[in-house]
Protein chains: 2
Amino acid sequence: MKLSANEEYGLRCLVRIGYAGEGGSLTIPEISQAEGVSPSYAAKILRVLRKGGFVKAARGKEGGYTLARPAEAIVIGNVIDALGGRLFESKFCDSHSGQAAICTRSVDCSVRSLWRAVQVAVDHVLSKATLRDLLQNEEDMNSWVRTIPGPAGLRLVQ
Amino acid sequence: MKLSANEEYGLRCLVRIGYAGEGGSLTIPEISQAEGVSPSYAAKILRVLRKGGFVKAARGKEGGYTLARPAEAIVIGNVIDALGGRLFESKFCDSHSGQAAICTRSVDCSVRSLWRAVQVAVDHVLSKATLRDLLQNEEDMNSWVRTIPGPAGLRLVQ
DNA sequence: GCTAATCTGTACTTTATAGTCAAGATTGCC
DNA sequence: GGCAATCTTGACTATAAAGTACAGATTAGC
């Protein structure tokens with residue numbers, strides 16, 4: 001249960017572009033240097049963000065990357081989704097691949113229920129947080145964390 | 001944010017051994033066939049579970065794997081930990097490696113706070129669930145999920 | 001239209017994870 | 001002791017993820 005490099009760097013690049021403000025833009029060299037990754041790699045990640053519709057790219061002189069939408073309209077869950085595939089996507093726990101038949105044995109049921117509970121917990125954080133939340137300072141950050149409903153949401157698992 | 005094969009198969013193997021009941025044991029061929037993996041791979045995973053102290057192995061005829069402790073004394077969070085490294089362990093978000101200095105730039109702070117919130121949410125599920133919970137049927141399963149406290153726990157993030 | 005700055009795409013190399021193999025060690029039973 | 005069943009170990013191969021290199025396309029400004 002680890003973060004992929006794509007998820008980590010992708011989100012960081014996005015936050016950095018967000019910090020550039022409305023209409024502000026950053027170039028690949030600027031971003032790659034700030035994040036300490038090679039320009040090629042930054043470009044690769046930024047391409048994913050662009051294809052996901054989170055940033056816009058402008059070529060040529062004065063070019064660079066800008067947010068494609070206002071920060072409050074960018075849900076972090078969707079960003080992570082685009083960067084690293086679906087949350088907890090797995091070849092085993094495949095409620096999405098229509099292989100319901102595999103859930104006849106109890107081991108499958110138990111484990112899948114657990115992963116579902118974890119996924120719901122994660123989604124509760126990531127689907128509520130927007131890029132705007134990440135652009136506040138740390139103190140403000142914690143305020144939205146406190147607003148996450150607990151048992152009510154988790155009950156959805158069943 | 002994906003599950004590793006180790007985490008998925010490891011937990012499944014453990015649950016399967018748990019289903020064998022108190023003192024019941026399963027051999028590598030039995031487990032590997034049930035899970036649809038090669039005996040070699042099952043052996044590799046079971047080694048991790050053994051070194052983690054979750055199962056005991058007996059060699060020779062009548063040998064096999066047994067739970068090392070009662071199911072209610074096995075916390076799933078610890079199992080996942082042993083199988084796949086620390087939750088959300090990352091070379092970036094390294095509050096564990098004492099590199100606090102990296103948190104001077106706001107991008108680092110924002111992103112790390114987010115991951116911390118996610119980790120807390122995940123821990124709330126995994127540190128409360130025991131193997132015993134997974135051995136119940138699915139209906140019973142959901143009952144412990146409902147008991148997870150929400151905002152109270154997440155407030156710990158700050 | 002030329003030039004320099006910038007993004008875009010593909011192909012490549014490196015490294016980590018997943019999964020396999022085979023020889024060795026232990027145990028229970030005869 | 002000998003045999004068969006079983007776990008143990010380390011080395012090996014295959015596949016996926018991480019990261020790099022480079023040639024090409026686009027644009028702003030002159």
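In what follows, every chain begins at residue 1, and chains take the letters A, B, ... in the order their sequences are listed.
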- side chain to side chain contact (heavy atoms under 4.5 Å, CB included) partners for S127(B), two or more places apart: none
- Query: With a 4.5 Å heavy-atom cut-off, do L134(B) and L14(B) have their side chains touching?
  - Reply: no
- Message: Measure CD/E35(B) against P/dT20(C) and give the value in whole Å, please.
- Response: 14 Å
Close N/O contacts between protein and nucleotides 8-12 of chain C (under 3.5 Å):
from   : atom 1 : to     : atom 2 : distance (Å)
dT8(C) : OP1    : R50(A) : NE     : 3.1
dT8(C) : OP2    : R50(A) : NE     : 3.2
dT8(C) : OP2    : Y65(A) : OH     : 2.7
dT8(C) : O4'    : R59(A) : NH1    : 3.4
dG9(C) : OP2    : R50(A) : NH2    : 3.1
dG9(C) : N7     : R47(A) : NH2    : 3.2

- Message: Is there a side-chain contact between K2(A) and the phosphate of dT17(C), meaning an N or O under 4.0 Å from OP1 or OP2?
- Response: yes
- Message: Nearest whole Å is fine: how far is dC7(C) P from E30(A) CD?
- Response: 9 Å
Donor-acceptor pairs under 3.5 Å, side chain of residues 45-73 of chain B to any protein atom, not counting sequence neighbours: which ones?
from   : atom 1 : to      : atom 2 : distance (Å)
R69(B) : NH1    : A73(B)  : O      : 2.9
E72(B) : OE1    : R132(B) : NE     : 2.9
E72(B) : OE1    : R132(B) : NH2    : 2.7

- Message: Taking the side chain as everything from C-beta on, heavy atoms only, tell me whether L126(A) gets closer than 4.5 Å to L114(B).
- Response: yes
- Identify which one of V75(B), L11(B), L3(B) satisfies the side-chain contact (heavy atoms from CB on, under 4.5 Å) criterion when paired with I80(B). L11(B)
- Just how far, in rounded Å, is P of dA16(D) from CD of E7(A)? 18 Å
- Note on the structure: Residue pair N6(A)/E62(A) against DNA chain D: nearer the 5' end by closest nucleotide is N6(A)
- Contact list for residues 31-53 of chain B, test ring pair (Phe, Tyr, Trp, His ring centres under 6.0 Å), sequence neighbours left out: Y9(B)-Y41(B)
- Side chains of I76(A) and V125(A) in contact at under 4.5 Å (non-hydrogen atoms): no
- Listed partners of P39(B) passing side chain to side chain contact (heavy atoms under 4.5 Å, CB included), at least two apart: I28(B), S32(B)
- Query: So what is the end-to-end bend of the helix from dG1(C)-dC30(D) to dC30(C)-dG1(D), with 5 pairs used at each end and the value given to 10 degrees?
  - Reply: 10°
- Message: Closer than 3.5 angstrom, by distance alone: can the side chain of E7(A) be matched with the main-chain N or O of M1(B) as a donor-acceptor pair?
- Response: yes
- Item | Minimum-distance nucleotide to Y9(B) side chain [options: dG19(C), dA18(D), dT6(C)] | dG19(C)
- Task: Identify whether any heavy atom of P39(A) sits under 4.0 Å from a base atom; if not, whether one sits that close to sugar-phosphate; answer base, sugar-phosphate or nothing.
- Result: nothing
- Separation of dT6(D) C1' from L26(B) CG (nearest whole Å): 14 Å
- Task: Using atom OH of Y41(A) as one end and atom P of dT13(C) as the other, report the distance to the nearest whole Å.
- Result: 19 Å
